[in-house]
Number of protein chains: 2
Amino acid sequence: MSSRAATQVFQMVEEQIATGQLKDGEKLDEATLAERFNVSRTPVREALLQLVGSGLARQIPKRGCFVKSPSLREMIEMFEVMAELEGMCARLAARRMTEDQLNLLKKANVGCEQAITDGDSDLYYDKNVDFHECIYDACGNQFLANEARRLRRRLRSFRRLQLRVRGRMSQSLSEHSEIINAIENGLAEQAEIISRQHVMIQGERFNDLLAHMEPTP
Amino acid sequence: MSSRAATQVFQMVEEQIATGQLKDGEKLDEATLAERFNVSRTPVREALLQLVGSGLARQIPKRGCFVKSPSLREMIEMFEVMAELEGMCARLAARRMTEDQLNLLKKANVGCEQAITDGDSDLYYDKNVDFHECIYDACGNQFLANEARRLRRRLRSFRRLQLRVRGRMSQSLSEHSEIINAIENGLAEQAEIISRQHVMIQGERFNDLLAHMEPTP
DNA sequence: CATCTTCTTTTCGTATACGATAATTTGAAT
DNA sequence: ATTCAAATTATCGTATACGAAAAGAAGATG
């Protein structure tokens, strides 16, 4: 827990964007935010700078700072890259994972099963993060792992949503099993392909969800 | 050209880190930098924040901000990811590149040839950027293109250096020809593999260079 | 009604000041 | 010499103020 006002503002705004409280195009006024969080403009500016840096907001000179939700196209693009990174992690992990790490991976997957039993998609999301964290750890490339985490974070609200599609959780779980199997047998190529697909499917499911919700704006 | 002091400070410091004027571990003192650039702490802080954000500096609380050059290991990791991203760009470009874009790609490669004729490795670096920009443009995934650019930027000083290895430029050029060939014929997989290798080789060459220069520190 | 010209208001970037807290040094006591 | 405590200094985050520049509004002129 950082006691810095700037960090808190950043996290709050980020959260509000993720949960939809702050919608696309909405103005992020320095003065208003400062008042809302009872701080001065300085930490607010710092937060906005980071927001822009991480792509959640857009700065239009002399006009202000605005929430920037990714368009459907950008979403698909991000999922495409995410799929590649996850695939790469799995490929490397298949070569490099130790016995201990494999056990942790299996354990994480049991957590996912439990979440399904409880029918709790938010819990599944968390357990799923654990599962993929195991793979990140085992890929032996910290830089890659961090990039993957960064992007995962950026996509998290959409990934959460996507899990609500009927049957998606159990499908995800069976994909996990295939991934474990491939890694366990050192089938790097296969682990990569399945993992990549595992993410791409999420993009597609999300796409379905959108199409269902908004009949072309 | 941005007239903002903060941006200028950022770019200057970034440049000085890239050129080695500012070395690993060196302290980035807010007051000193402010004086050096004749600005107040505010824009300097902003610049440092971005520096940390892009991984070029590290912040140790109550100790200060320090230049953070990547370790050899981190370098290799970054090259590994760069290779994957470039490979992905090439794979997609092979499927999606238009005739016009292909012509631009070929033209860019002629520029590379010229740079070799002139024996100018810095020029080659620039022309090589043009070459790869063509591929980025044609990959049809802007988000991916931006990620690739970001990482390329981060690695540029090392990539520059690596081109000084004897024969590396002409080897690079022949790899380009193979890439063009694969793309022209829509051989996505092959374009990916060659491009990936094209980058990995750079990492290895750079590694050689390092091993030659510093006999294990 | 359109257009051009003030005038006012926002937005922005920067400068500067201040208090809090952590790091470092100094110096005393064992 | 070592250890501990107090004093000093540096760093940091934040608040606030100010001027420049641009956007937007209001009003004048054709």
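As the structure is a prediction and not an experimental result, all values here were calculated from the model. So you know, we letter chains A, B, ... as the sequences are listed, proteins then strands, and number each from 1.
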Q: Show your reasoning for whether salt bridge (charged side-chain N to carboxylate O under 4.0 Å, His left out) applies to B/R58 and B/D24.
A: CA-CA 10 Å; B/R58 177 178 268 266; B/D24 187 52; over 6 Å; no
Q.
Under 4.0 Å from OP1 or OP2 of C/dC12: is there any side-chain N or O of A/R45 that close?
A. no
Results of side-chain hydrogen bond (donor to acceptor under 3.5 Å, both in side chains) for [X] - residues two or more places apart only:
X     : value
B/T42 : none
A/R41 : A/E30
B/D29 : B/T32

Q. What is the distance, rounded to the nearest whole Å, between atom CD of B/E46 and atom C1' of C/dC12?
A. 10 Å
Q | Spacing of A/R4 atom CZ relative to C/dT21 atom P, expressed in whole Å | A | 15 Å
**Q.** Residue pairs, two or more places apart or on separate chains, that pass ring-ring contact (aromatic ring centres under 6.0 Å, His included) and touch residues 136-163 of chain B
**A.** B/F158-B/F206
(Q) Under 4.0 Å, counting only non-hydrogen atoms across every strand here, what does A/A6 touch: a base, just sugar-phosphate, or nothing? (A) sugar-phosphate
**Q.** Where at least one partner belongs to residues 110-119 of chain A, residue pairs that pass side chain to side chain donor-acceptor pair (under 3.5 Å), sequence neighbours excluded
**A.** A/Q114-A/D118
Q: Kindly state which residues belonging to residues 59-69 of chain A come within less than 4.0 angstrom of DNA chain C, counting heavy atoms of the residue only, listed by number.
A: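 DNA chain C contact set from residues 59-69 of chain A: A/Q59, A/I60, A/K62, A/R63, A/G64.
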Q | Heavy-atom contact window of chain A on DNA chain D, given 5' to 3' at under 4.0 Å | A | D/dG13 to D/dG24
Q: Hey, could you give me each pair passing salt bridge (charged side-chain N to carboxylate O under 4.0 Å, His left out) that has a residue in residues 77-92 of chain A? Not counting sequence neighbours.
A: A/R73-A/E77, A/E80-B/R96, A/E84-A/R196, A/E84-B/R91, A/E86-A/R152, A/R91-A/E192, A/R91-B/E84
When the side chains of residues 46-55 of chain A are checked against the rest of the protein, which donor-acceptor pairs come out under 3.5 Å, sequence neighbours left out?
unit_1	atom_1	unit_2	atom_2	d
A/E46	OE2	A/R4	NH2	2.3
A/S54	OG	A/Q50	O	3.0
A/S54	OG	A/L51	O	3.3

**Q.** Along DNA chain D (nearest heavy atom to each residue), the more 5'-positioned of B/D29 and B/T42
**A.** B/D29
